[in-house]
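First the structure, in the form of structure tokens, and then the observations on it.
These numbers come from a predicted model, not from an experiment.
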Amino acid sequence: MQVAYFGIKRHPESLKNLILEKLQELNCEITNCLYEDSLDSQIKAVEKADAVLLAPARHIRKEVLESMKKVKLLQIWSSGFDKFNLLEAKNLGLKVANNGGHNSIAVAEQTLLLLLAIYKNLNDGQQRVKSGIWEGNSHGMDNYTLQGKTIGIYGLGNIGSKVAKLCLAFGMDVIYHDIERKKDFEENNKIKYVSKNQLLSNSDVISLHLHLNNHTKAILGEDEISIMKDKVVIINVSRADLIDRSALELNLFNGKIHALGLDVYYEEPNNYQDPIINHKNFVGTPHSSCTIDTHISALNACIKNIRAALNGLEIDYLI
């Protein structure tokens, strides 16, 4: 049996070694390549493979997909797969699965990290400590508490539901919108389902937890931002293209949007000269919400799924 692994150049050696270490649990021959490698190298890596791990999921050239004659499963290590040409793979008869949200708690925590950094003005505070210049400190006049604020969670899946619980623990009022209403979760956690427009117009904070697809691209544009509260805070740890870039930049600089917390960007790695990123009320992390704990959890799920595929058993999280 042979398993191939696709990775990216900028991953640290520690992460690459962890992935290879986990793959060795399959007791299979392991071949690995980078998305940046030549076409011939990628074909050579997969042409005898029985399964392929995509860590992360990126576009794979058709010639490479067509070379996967023996592949029983393309396993994605994350929940997101918008950068992968899924339809093309499925049209070739390839089975594809994601990790079922094993990184969800880490992404939920990242959401709160960004929100707390904004509300506690961490950028300014840290700079003052590092410089020793406390003169001009606002003494909390531009800081806020989470308690009593309303957060609107757009998308109540694996991640959104965990964000809701964390926010409740901080004493926030939680409302949500989703294409599917989660009545049991509402009742058990005392959160409220609202329409999209109600969420936009009643939230102090809006947090996005949606997969990116043709239906959700630019789901927040000028019309949606116009009905938000003045001085709204927006947190996006899902995908940048959920928000129309022009509308986001315009309303961040005219003050309609008070602050912005991002873990995802229109260009990754980001352009350090991007005016959005250089706004005084921007807080960001470099698409780094995963932790070593969730890497291990997600990889364990991937290994279980690949083992099932190699042995003709039921595969979880097929997409």
Side-chain angles (χ1 to χ4, degrees), residues 80 103-127 138 142-157 159-160 162-170 172-177 199-200 203-210 212 216 218-221 224-225 228-245 247-272 274-291:
N103 60 341
S104 58
I105 187 59
V107 181
E109 289 177 351
Q110 197 83 357
T111 303
L112 268 293
L113 166 72
L114 294 170
L115 179 53
L116 283 165
I118 287 169
Y119 264 16
K120 304 302 180 184
N121 205 10
L122 183 62
N123 280 345
D124 180 74
Q126 180 170 254
Q127 187 57 41
S138 73
D142 50 8
N143 294 6
Y144 301 88
T145 58
L146 271 63
Q147 185 174 9
K149 303 297 188 300
T150 297
I151 184 167
I153 297 175
Y154 202 160
L156 199 75
I159 298 169
K162 290 179 175 63
V163 171
K165 289 184 177 182
L166 291 174
C167 290
L168 289 168
F170 277 94
M172 300 186 78
D173 295 321
V174 180
I175 58 177
Y176 81 97
H177 181 72
L199 181 139
L200 297 175
S203 299
D204 300 301
V205 180
I206 294 171
S207 189
L208 297 175
H209 302 285
L210 301 164
L212 178 65
T216 60
I219 201 165
L220 295 187
E224 287 76 20
I225 294 174
M228 294 178 187
K229 281 186 174 183
D230 289 341
K231 305 297 183 182
V232 66
V233 171
I234 295 178
I235 307 291
N236 187 3
V237 297
S238 297
R239 289 294 185 265
D241 286 322
L242 293 170
I243 310 175
D244 177 80
R245 187 199 158 92
L248 177 62
E249 184 172 342
L250 172 66
N251 287 280
L252 181 62
F253 279 88
N254 70 19
K256 173 73 174 183
I257 298 171
H258 169 67
L260 177 68
L262 298 181
D263 187 49
V264 289
Y265 302 89
Y266 298 98
E267 179 184 351
E268 294 187 355
N270 65 279
N271 179 354
Y272 73 96
D274 187 334
I276 289 176
I277 290 168
N278 285 285
H279 190 276
K280 64 183 180 69
N281 288 343
F282 166 81
V283 173
T285 48
H287 207 150
S288 58
S289 57
C290 287
T291 65

Value for CD1 (Ile257) from CD1 (Ile276), rounded to nearest 0.5 Å, stands at 8.5 Å
For Ile153 and Gly160, the nearest pair of non-hydrogen atoms, with its separation, is CD1-O, 3.7 Å
State whether the number of non-hydrogen atoms from other residues, nucleotides or ligands found under 6.0 Å of Lys165 atom NZ is greater than 12. no
Interatomic distance, OG1@Thr111 vs CG@Leu166, rounded to 0.5 Å, equals 8.5 Å
Check your understanding: Is the centre of the His279 ring less than 6.0 Å from the centre of the Phe253 ring?
Key -> yes
Side-chain donor or acceptor of Asn121 paired with backbone N/O of Asn143 under 3.5 Å
no
Taking every heavy atom of Gly148 against every heavy atom of Asp173, the minimum-distance pair comes out as O-OD2, 3.9 Å
task = Give me the ring orientation class for Tyr119 and Tyr144: parallel if the planes are under 30° apart, tilted from 30 to 60°, perpendicular past 60°.
result = tilted
Could you check whether any side-chain heavy atom of Leu113 comes within less than 4.5 Å of a side-chain heavy atom of Glu109, counting everything from C-beta outward? no
Using a strict 4.0 Å threshold on nitrogen-to-oxygen distance, state whether Asp274 and Arg245 make a salt bridge. yes
Between the CG atom in Asp241 and the CG atom in Leu212, the distance rounded to the nearest 0.5 Å is 5.5 Å
Is there a donor-acceptor pair under 3.5 Å between the side chain of Asn123 and the backbone N or O of Phe282?
yes
Distance col, row Asp204:CG vs Asp230:CG, nearest 0.5 angstrom, shows 11.5 Å
On a heavy-atom basis, the closest approach of Ile175 and Leu199 is CD1-CA, 4.0 Å
When rounded to the nearest 0.5 Å, the distance separating CG of Leu112 from NZ of Lys162 is 13.5 Å
I'd like to check Leu122 versus Val283 (side-chain heavy atoms, cut-off strictly below 4.5 Å). Are they in contact?
no
Partner of Leu260 under side chain to side chain contact (heavy atoms under 4.5 Å, CB included), picked from Ile118, Leu248, Val233, is Leu248
The reported gap from CG in Leu200 to OH in Tyr154 (rounded to nearest 0.5 angstrom) is 7.0 Å
task: Kindly check if the number of other-residue, nucleotide or ligand heavy atoms within 6.0 Å of CZ (Phe170) is above 12?
output: no
Under the side-chain contact (heavy atoms from CB on, under 4.5 Å) rule, what do His209 and Leu156 come out as? Steps first, then yes or no, please. CA-CA 7 Å; His209 302 285; Leu156 199 75; over 6 Å; no
Shortest non-hydrogen pair, Asp263 vs Glu268, comes out as O-OE2, 4.5 Å
All heavy atoms of Val264 vs all of Ser238, minimum pair found to be CG1-O, 3.3 Å
Per side chain to side chain contact (heavy atoms under 4.5 Å, CB included), Ile206 is matched among Glu224, Lys229, Met228 by Met228
| Residue pair Leu115, Gln110: steps toward the side-chain contact (heavy atoms from CB on, under 4.5 Å) verdict | CA-CA 9 Å; Leu115 179 53; Gln110 197 83 357; over 6 Å; no
**N/O donor-acceptor pair under 3.5 Å between Asn236 side chain and Arg239 backbone** = yes
Self-check item: Validation row: Ser289, Asn103 side chains within 4.5 angstrom (heavy atoms)
Solution: no
Smallest heavy-atom separation, Met172 atom then Leu146 atom, equals CG-O, 3.2 Å
